[in-house]
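Atoms within a ligand are numbered from 1 in the order they appear, just like the ligands themselves.
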Amino acid sequence: MTNTDALSPDALAELRRRYRLERERRVRPDGARQYLAAEARFGYYAEDPYAGGKSGREPLRDTVDVVVVGGGFGGILAGARLRQRGVGRIRIVEKGGDFGGTWYWNRYPGIHCDVESHVYLPMLDETGYVPEWKYAPGEEIRRHAVRIAEKSDLCADALFSTAVTSLTWDDTCGAWTVTTDRCDEFRATYVVTATGTLTELKLPGIPGIEEFEGHTFHTSRWDYAYTGGTPQGGLTRLADKRVGVVGTGATGIQVVPALAEDAGHLYVFQRTPSTVDVRGNRRTTARDVGADRDGWARERRDNFLGIVSGEHVDDDLVADRWTSSAGLLEKLLPSFRRHGDPTAFEAAYEAADAAKMNEIRARVEQVVTDPDTAELLKPWYRYACKRPTFSDLYLQAFNRDNVTLVDTADTQGIERMTARGVVVGDTEYALDCLIFATGFSVGNSGVHSGRLPVHGRDGVPLRDAWRERGPRTLHGFTTNGFPNLIQLGGVQGAASVNFTHVLDEHAVHAAALVAAAEDRGAVIEPSREAEDAWLAVLAEHAPDHEWFHAECTPGYYNGEGRGRPNGPNAYPHGAFAFHELLKAWRETSLDEVLTPGGRART
Ligand code: NDP
């Protein structure tokens with residue numbers, strides 16, 4: 001089918017039928033329960049392979065101004081923006097052995113950012129750093145995280161290989177007591193949580209997973225001692241190995257070409273193919289990106305965010321497949337924000353979507369030489385049902401003699417594992433090593449899940465405060481009953497594909513709150529009325545795109561095909577508008593969350 005054919009009513013009807021079919025054959029009754037957490041007998045999957053063991057240190061019993069939970073980009077940016085505001089003692093507490101968060105843990109071969117580095121790497125204006133590639137490798141991004149931390153003087157007070165185990169507000173002292181798994185117990189006037197969203201790795205609950213006698217690990221804990229090599233490749237120890245990889249999401253797409261290069265034989269176990277669009281990575285100069293002007297990075301970042309948030313933007317500075325496909329993300333906006341006539345919207349939109357997906361499927365046919373393999377690699381769902389991916393190496397890897405695609409859609413994933421390998425249908429695939437590129441459990445980190453217990457005024461647990469009616473916040477950051485607690489990057493704000501930009505705006509906001517509280521000798525805490533008003537804003541224009549997700553193949557975007565949690569938990573107008581709203585609020589209304597005299601609201 002050509003792109004133009006996709007516009008005919010018959011072709012669209014046929015596509016809808018096919019999409020429904022592909023969804024139905026994949027929805028599993030166990031939904032998200034099909035996955036295993038890396039804990040208890042699977043806990044070793046989550047151990048830190050990069051830190052070289054925990055170094056001994058004495059437990060801390062001191063007092064700091066701000067504790068920041070999490071040393072990924074969210075935590076580092078919070079620290080940097082607080083430092084710019086003149087805050088004194090800032091202590092970042094991080095589970096990993098260094099700064100970096102996602103980019104600390106994920107060091108698999110082939111790792112790159114799939115968003116342009118000049119908009120993804122934060123604080124380029126402030127650090128003077130200009131990335132050399134349009135899409136930076138993971139190690140460069142990790143090093144940039146460390147660069148910001150060093151420039152912001154965040155290293156001396158940071159605690160690594162340390163997990164916060166509880167946060168408890170003490171109303172008498174007007175401070176938080178923080179405990180950790182290293183027996184620390186110290187105080188902080190303010191707490192900023194930056195615990196990330198995709199941090200808890202998950203494993204497929206394949207029957208017999210423990211029987212396998214070969215080697216296994218998850219992509220976010222790469223075992224270079226076993227494979228040899230570095231994130232740049234050279235996995236020489238795999239030369240005589242039969243290697244399997246489970247998962248073909250954004251991670252699988254990047255790791256497969258690197259494994260294909262070096263493995264004796266590579267088996268790719270696929271359940272749902274990704275959309276794999278053109279990447280076009282290339283070296284860039286400072287001139288290419290206009291880095292000779294003050295504020296160039298901020299301008300470029302705003303431009304990108306505007307485009308992917310559905311704003312009217314004249315110039316497209318990044319000009320890649322994210323921005324050229326951004327119109328197709330409009331279905332995720334509330335209907336009144338979409339461009340053009342709302343009644344005509346869906347028909348025109350569906351046709352554009354079909355044309356794009358036909359282009360993606362046509363690319364598979366052009367690149368992959370074996371027609372049967374090509375057929376299996378074609379994604380049959382609408383654009384953005386899953387995170388779009390980009391690669392000029394992935395599809396090409398299937399033209400190699402040492403790579404075999406094993407489709408597992410008919411059995412809804414790998415059926416079982418044996419001592420020797422993996423069983424799909426009638427075939428047992430004998431393997432030396434099986435690598436899980438199976439992603440992360442969403443919303444299972446930090447304070448929302450209760451994994452990190454938070455007790456506010458009168459010892460009330462945050463989980464209890466939110467149990468009946470769900471999360472209650474002002475702008476996603478602050479909650480009544482939990483003074484001086486600021487949550488970054490969580491619910492009731494607005495996300496974007498360029499998440500570091502979102503985190504930076506949140507960090508600026510958090511720093512402004514702390515600076516204002518310090519100025520006025522006040523406590524930060526919203527009233528119940530302010531929370532109600534914010535919930536009303538979220539509810540009034542709650543996005544009406546659940547119909548879209550309901551028709552998608554399963555994945556973490558749509559609760560594994562079973563629907564997403566209820567409640568208006570995101571600002572409906574997109575990240576660009578959210579940041580504008582925060583800025584205006586800081587200028588006019590910030591005092592509404594400050595209680596002078598250092599006493600919390602009762
Ligand atoms: P995903 O959750 O996106 O993908 C997991 C993969 O594992 C899917 O292909 C899934 O198939 C497959 N899978 C799970 N269980 C089984 C099973 N039993 N049998 C066979 N296959 C199975 O995880 P990723 O790590 O790929 O990506 C997670 C997120 O991380 C991305 O969405 C993105 O937000 C982020 N990321 C960002 C990158 C960047 O450059 N910015 C790079 C990499 C990741 P199915 O689809 O059928 O469920």
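Residues that satisfy the disulfide bond (SG atoms under 2.5 Å apart) test with Cys433, not counting sequence neighbours, are absent from this structure. Scanning for salt bridge (Lys or Arg N to Asp or Glu O under 4.0 Å) contacts around Asp432 gives Arg242, with sequence neighbours left out. Legend: residues meeting disulfide bond (SG atoms under 2.5 Å apart) with Cys385, ordered by chain and number and at least two apart, are Cys552.
Between Phe269 and Asp407 there is no side-chain heavy-atom pair separated by less than 4.5 Å.
The 4.0 Å heavy-atom shell around ligand 1 contains residues Tyr35, Tyr108, His112, Cys113, Asp114, Leu198, Pro204, Val246, Gly247, Thr248, Gly249, Ala250, Thr251, Gln254, Arg271, Thr272, Lys386, Arg387, Thr408, Gly413, Ile414, Ala437, Thr438, Gly439, Phe440, Tyr556, ordered by chain and number.
Thr438 pairs with exactly one of Leu201, Val246, Thr251 by the side-chain contact (heavy atoms from CB on, under 4.5 Å) rule, that one being Val246.
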**Report entry** From CA spacing to verdict: side-chain contact (heavy atoms from CB on, under 4.5 Å), Lys241, Leu431
**Finding:** CA-CA 8 Å; Lys241 301 279 192 293; Leu431 299 172; over 6 Å; no

